[in-house]
Every structure is written in structure tokens, then in C-alpha cells.
Amino acid sequence: MSENQKFQLGTIGALSLSVVSSVSIVICNKALISTLGFNFATTLTSWHLLVTFCSLHVALWMKSFEHKPFDARAVMGFGILNGISIGLLNLNLGFNSVGFYQMTKLAIIPCTVLLETLFFRKKFSRNIQLSLAILLLGVGIATVTDLQLNVLGSILSLLAVFTTCVAQIMTNTIQKKFKVSSTQLLYQSCPYQAITLFIIGPFLDGLLTNQNVFAFKYTPQVLFFIVLSCLISVSVNFSTFLVIGKTSPVTYQVLGHLKTCLVLAFGYVLLHDPFSWHNILGILIAVVGMVLYSYYFTVESQQQKTSEVSAQLPQVK
């Protein structure tokens, strides 16, 4: 098997793992939050990261991967920024309508494209831009309902979009710059993310829910779903870094919208959530956009690799 085939197989595996684990954790957390009333999302995320770090530490002890220390300031800044972006996304949802929150999630792709174009000189072809536009239109139709605006909510949404874009771009660039794997980066940045959310989590959750996470009644059923959520999160966090490292931040966001469509579909089939014609139409349009993006991304990646190999041939001679 050639290196190119191994890379493609690894990428497909990473994408599949990301979709399965993300949809699973959404269903698990929906039961935990909606059914059992555990509304402390930011604190729960800090527990996710702690369990992820402990799991990776065990994997390191078993020599499943090699510890590779690098720029401590870069790791710390990256970890804290990731933690802040998660907190801002939760605040964004808390201070805005669901429709406006979905709009800000849609804005992450154009913002990422803009930042990568301005600061990294990355070029996106018209075909890629068109497929992304179709995708965003479809997801918008499927998910955006009401658009209620307020000043504080708008500021929080802008900060959430910006920090999320920068954090995801850094996930890709750090792996390439320091030649570290997704596992090595996740292992070193996890403690900083977890500590950041441990500090701000109870405060943010209290602000959004008017409840105290430490005063909540932890029944065996609640504890079961918390443990299950934490275990699934190991796969979610690992696959997130893996996908961004193997592809790009934009591709990861495209994958995220695929997960949104799958969650809507699973919600209708398994949980009998309300479903309307615009949900179906939006999902179909989004799928068309995803297929087009996947096709053009694959074709252009292969063309780029072919041109890189051709450019190196004279040097080999």
C-alpha cells in the first residue's frame, strides 16, 4: 500500500470516528441535559478534558505514543484559547436565540476562509467556495428558525466565532510547524484547557442556569450518563485534533455541519423530534454541498500532490 493510500485511509478513518463519536455524545448529552436536567455544559466539558488527559496519560504509560515536548508558551496559549472559545460558545447560546446561535456557527466557515486567506495566503478555488455556499445555505434552511438580536449576545457571538476559528487554525498549524501528532498536541494542551474550564465553568453555568453545579442531586442515572459522556468525549477530542491535522479547519467545519444534519435526522427517527419540510429541504441541499466539497477537495488535493512530486523530480536527478 502506497503512502498516499495509507494517508487517504487514515483520513477516512479519522472522519468516520469524528462523525460517530460526535453524534453519540450529542445524543448522550441530550439525555443528560434535556431529560435529567443536568444543565452544566461548561463544567461537563472540563470533566471531558480531564478524562481525556488521564486516558492519554495511560496510553503514554503503555507506550502507545511518544511524548514530544515543544514550545511551552505556544501549548499554554493554545490550550487556554481553546478553553475560552468553548466557554464563549456556551455563553453565545445562553445569551442568544437558538436561531442566532446557529447563524454564528455557520459564520465560522467564512471567517476561517477569510483568516487563512489573509494571514496564510491560502487559496480557495471557486468550486470550493461554491460548494461551501451551497452547504451553508442548506444548513441555514435546516437549522435557523428565529433571529433575535441583542447587543451583548452579538458581542459574545463575534468573540466566540473569532476564538473558535483561531483555535482551529492553530490546531492545524501547530501540528505542522512543530511536527507533532494530534495525540501529542492533545496530550500537552489538555491540562490547560481543563484548568481554564474548571475555573470558569461553575461561574458560567451558574450565570446561565441560576443553579449550582456542586448542589445538584447526582442520582445513579445522572452519574451513569456523565461517565458515559466523558468516555465518549475521549474519542471526540482525539478525532477533532486528528481530522484538523490531516485535513484543514474548513474541512472540520464541513464535517461539523454533516454531524448537525445527522443529529437532526436521528432526533426525528429515534426521539421523534418535530420535523418540517424546511428541515428536509435544508438537509438535502446541505448534503449536495458536502458531496461537492468532498469531490473538489479530493481532486484539488491530488492535483497539488502531483504538482509537488513533479517539482521534486529534477532535484532527485
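Sequence positions, counted from 1, serve as the residue numbers for this chain.
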Verify the distance criterion only: is there a donor paired with an acceptor across the side chains of [X] and [Y] at less than 3.5 Å?
{"X": "Y296", "Y": "S125", "result": "no"}
{"X": "S248", "Y": "T251", "result": "yes"}
{"X": "N39", "Y": "T209", "result": "no"}
{"X": "H57", "Y": "Y187", "result": "yes"}
{"X": "S157", "Y": "N92", "result": "no"}

Can the ring centroids of F40 and F38 be said to lie less than 6.0 angstrom from one another? yes
Strictly under 6.0 Å, is that where the ring centroids of F216 and F214 end up? no
Can you name the one residue among N29, T219, L36, T35 that meets side-chain contact (heavy atoms from CB on, under 4.5 Å) with F225? L36
Taking the side chain as everything from C-beta on, heavy atoms only, tell me whether W61 gets closer than 4.5 Å to K63.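 No - every pair of side-chain heavy atoms lies 4.5 Å or more apart.
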Near K122 NZ, under 6.0 Å, is it more than 12 heavy atoms from other residues, nucleotides or ligands? yes
Reported CG-to-OG1 distance for the pair N82 and T45, which is rounded to 0.5 angstrom: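 The CG atom of N82 sits 11.5 Å away from the OG1 atom of T45.
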Gap separating the CD atom of Q168 from the CZ atom of F241, nearest 0.5 angstrom: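 If we round to the nearest 0.5 Å, Q168:CD and F241:CZ are 10.0 Å apart.
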Heavy-atom closest contact (G94 atom, L208 atom, distance):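 Closest approach of G94 to L208, heavy atoms only: CA-CD2, 3.6 Å.
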